[in-house]
2 protein chains.
Amino acid sequence: MTIHDVAAAAGVSISTASKALNNTGRMGAETRERVKRIAGEIGFRPNALARGLLSKRSFTIGLLTNDTYGRFTLPVMAGISEALVDHGVSVFLCAIEDDPALGQIHVDAMLDKQVDGIIASGKRLDRRLPVDLSSLPVPVVYAFTEGSENSVTLRSDDAQGARLAVEWLAKLGRRRIAHITGPEDFFSVRERASAYREVAGDAEPVLYGIWAESWGHEAVGSIWDRPGEKPDAIFCGNDQIARGVVDALRERGVRVPEDVSVVGFDNWEILAAQTRPPLTSIDMGLKELGREAGLTVLALAEGRPVEPGVRKLPCRLVVRQSCGGMSPTE
Amino acid sequence: MTIHDVAAAAGVSISTASKALNNTGRMGAETRERVKRIAGEIGFRPNALARGLLSKRSFTIGLLTNDTYGRFTLPVMAGISEALVDHGVSVFLCAIEDDPALGQIHVDAMLDKQVDGIIASGKRLDRRLPVDLSSLPVPVVYAFTEGSENSVTLRSDDAQGARLAVEWLAKLGRRRIAHITGPEDFFSVRERASAYREVAGDAEPVLYGIWAESWGHEAVGSIWDRPGEKPDAIFCGNDQIARGVVDALRERGVRVPEDVSVVGFDNWEILAAQTRPPLTSIDMGLKELGREAGLTVLALAEGRPVEPGVRKLPCRLVVRQSCGGMSPTE
DNA sequence: TTGAGAAGAGAAAACCTTTTCTCATGCAGT
DNA sequence: ACTGCATGAGAAAAGGTTTTCTCTTCTCAA
């Protein structure tokens, strides 16, 4: 079913058919309607390849990611797709692990296929993907990964998220707030920790470790085994750690949230909701981040100006039961 | 950079340039080499749109999925991508939730873009996607979701997986093996349960519930609170349930694996490895399933014959510490 | 009645590549 | 010296769409 068939069926020329369908050109209203009707009847759908060849727009973008497990990329992906599907743009998913060669293959394949733009995404916002995207013939947007010079980069505002968490704990009347978090070499860990410090002061130490339940467990052990007053709240670097913390507290007979409030980070639904009690957590808004990334790369593809630099998107607090308290009163 | 530029730079015609690059046609060896060299130098890459327009092959396939969370789709996706990247095929990812309208939009977009085939994937193999793919002009392969009449469907062999688990427990000397699993209306639940019955007999009941840690927890409670002998092994319907089971047993002072062996299902790395002790689990081989799906849709796209029907791919046992015992001796 | 202008519709080029067909050259064989 | 053939290379069409340009016809005003 090509436009030839439409033209033939409608008894007009190809150009007239094209103009009718695209609402361009001049022609009689009834001619236009007739062509459209016939096109609908025979189920004509324009060949995007041919169209793209001419218009230099493929209505396709590529998503490059090294987050194989997908915990971060998946919401980003969902947001991108959601934002772009209305604009007729489809998304190539390229999972490249940390393999530069594989990354290059995928980038080349995308360029061959004339993508209108590329979104680079990762699992860590202080690391670059193992492939250089700085001088590609198409626009590139970095989402949740370190970008190159003069590029557009979207990331979550971890400091604001951490403040949100600690201020929430403070508002609930908690005074001794500890922070158990991931490896200090993560930029986001340092950023969250210093925001925590700003709000909570330095009554309690920051405990750096790994992103694992076992670390949360262990850290609680080391705090509770030491002499002196115990914290009445714990702000955790992610939900896995929070889960370990909650479990460890329960095993020690410390009640959550009555005795100690716990806040997680990531709002990883499947984990946060299954913890007993369900975790109050900070959501980085990755889906919104994805949506923004999609709209941004689209804008760039269409030649609309976008000012380069890092744009931080706000986190939000998701209240469940691990802190006590109700939803944020604002 | 088009082939025109190559031809001009090499001082030959477009056709000669094309033939040189594709190793077709007849020409002097040195002409061929010169064209290739120059193409490489100026960084020529053929436009896949133009190529696809002519060849009727876009080297693109679509992956349609309603598994938003991605626990199942992600490994499948990784497998597909891995299998196809060598063949120069890129993958459109279409997340359609359970929205028929959205599904139709994505299908239309893919057809417009002339995909060579579509892989349909889901989160449940006894449910169909909310969109009809049975009479599309391109081949369709179903992976981990219910397919239509006369189609090619790939799924895991859950019965075999369940047998693997129960036989492993038996081999370790366990005699009273219970089965705590998900909702009975899942086909895979019934399939696993009847395979369990075949091997384990009916000394212990099958406990149907929901896919949640809390259910595993609760089920252990109901078993241990009843009078009479307790199981010495529990085969769980998924890793979340297994996690709840292990936690509940620990809370009751029952040692895992010394007193009771526990086997999970899904081998959901992030969960299985973080459980204490780490879970022995059944891996459905979703990545291999994805790889097979990719190769199959490619075969169909190239016109190679593939016999329709359901193909079950084997599961495998991943031994960690929740059962005791070493790796399968086989 | 003639001229200008607009309206409606079609022809053709363009996008980039592949492929088939044709043409020209040179060489070997008679 | 002429025929036949192989070799090398180019011209042109094809794929489906959009867009610019051209052409015809009609209406209205002078």
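In what follows, chains carry the letters A, B, and so on, assigned in the order in which the sequence lines appear, proteins first and then strands, with residues in each chain numbered from 1.
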query: With a 4.0 Å cut-off on heavy atoms, is B/Thr31 in touch with a base, just the backbone sugar-phosphate, or nothing at all?
result: sugar-phosphate

Open item on the list: Taking the side chain as everything from C-beta on, heavy atoms only, tell me whether A/Thr153 gets closer than 4.5 Å to A/Glu146.
Closed with: no

Note to self: Below 30° counts as parallel, above 60° as perpendicular, anything between as tilted: where do the rings of B/Phe144 and B/Phe72 land?
What the structure shows: tilted

Notebook entry, point to check: Would a 4.5 Å heavy-atom cut-off, applied to side chains only, mark B/Ile3 and B/Ser18 as touching?
Noted result: yes

Which of D/dA9, D/dT18, D/dG16 is nearest the side chain of B/Lys56? It is D/dG16

B/Arg34 atom CZ is separated from D/dG8 atom P, nearest whole Å, by 13 Å

Given D/dA9, is OP1 or OP2 found less than 4.0 Å from the side-chain N or O atoms of B/Thr16?
-> no

Rounded to whole Å, CG of B/Leu54 lies from P of D/dT17 at a distance of 15 Å

Under 4.0 angstrom, heavy atoms only, what part of the nucleic acid is B/Thr2 near: base, sugar-phosphate, or nothing?
sugar-phosphate

Under the salt bridge (charged side-chain N to carboxylate O under 4.0 Å, His left out) criterion, do B/Asp266 and B/Arg71 qualify, and how do the steps go?
-> CA-CA 10 Å; B/Asp266 286 357; B/Arg71 176 156 134 229; 2.7 Å; yes

* Counting only side-chain N and O atoms of A/Ser18, is one of them less than 4.0 Å from OP1 or OP2 of D/dT17? -> no

Separation of D/dG15 atom P from B/Gln114 atom CD, nearest Å, is 14 Å

Rounded to whole Å, the CG-P distance (B/Leu53 to D/dG16) equals 7 Å

Q. Do A/Lys287 and A/Arg291 have side-chain heavy atoms sitting under 4.5 Å apart?
A. yes

When rounded to whole Å, the CG to P distance for the pair A/Asp5 and D/dG15 reads 12 Å

With distance as the sole criterion, do the side chain of B/Lys19 and the base of D/dG10 form a donor-acceptor contact below 3.5 Å? yes

Of B/Gly28 and B/Leu49, the one whose nearest nucleotide on DNA chain D sits closer to the 5' end is B/Gly28

note: B/Arg57, atom CZ; D/dG15, atom C1'; distance rounded to Å ~ 16 Å

Under a 4.0 Å heavy-atom criterion, DNA chain C is touched by chain A from C/dA7 to C/dC16

5'-most contact on DNA chain D (nearest-nucleotide basis), A/Arg51 vs B/Ala29, goes to B/Ala29

Separation of D/dG10 atom P from B/Arg26 atom CZ, nearest Å, is 14 Å

Under 4.0 Å: is that the gap between some side-chain N or O of A/Asn22 and OP1 or OP2 of D/dT18? yes

**pair A/Leu289-A/Met284: side-chain heavy atoms closer than 4.5 Å** = no

Between CE of A/Met27 and C1' of D/dT19 the distance, given in whole Å, is 12 Å

A/Glu302 bridged to A/Arg57 by N-O distance under 4.0 Å:
yes

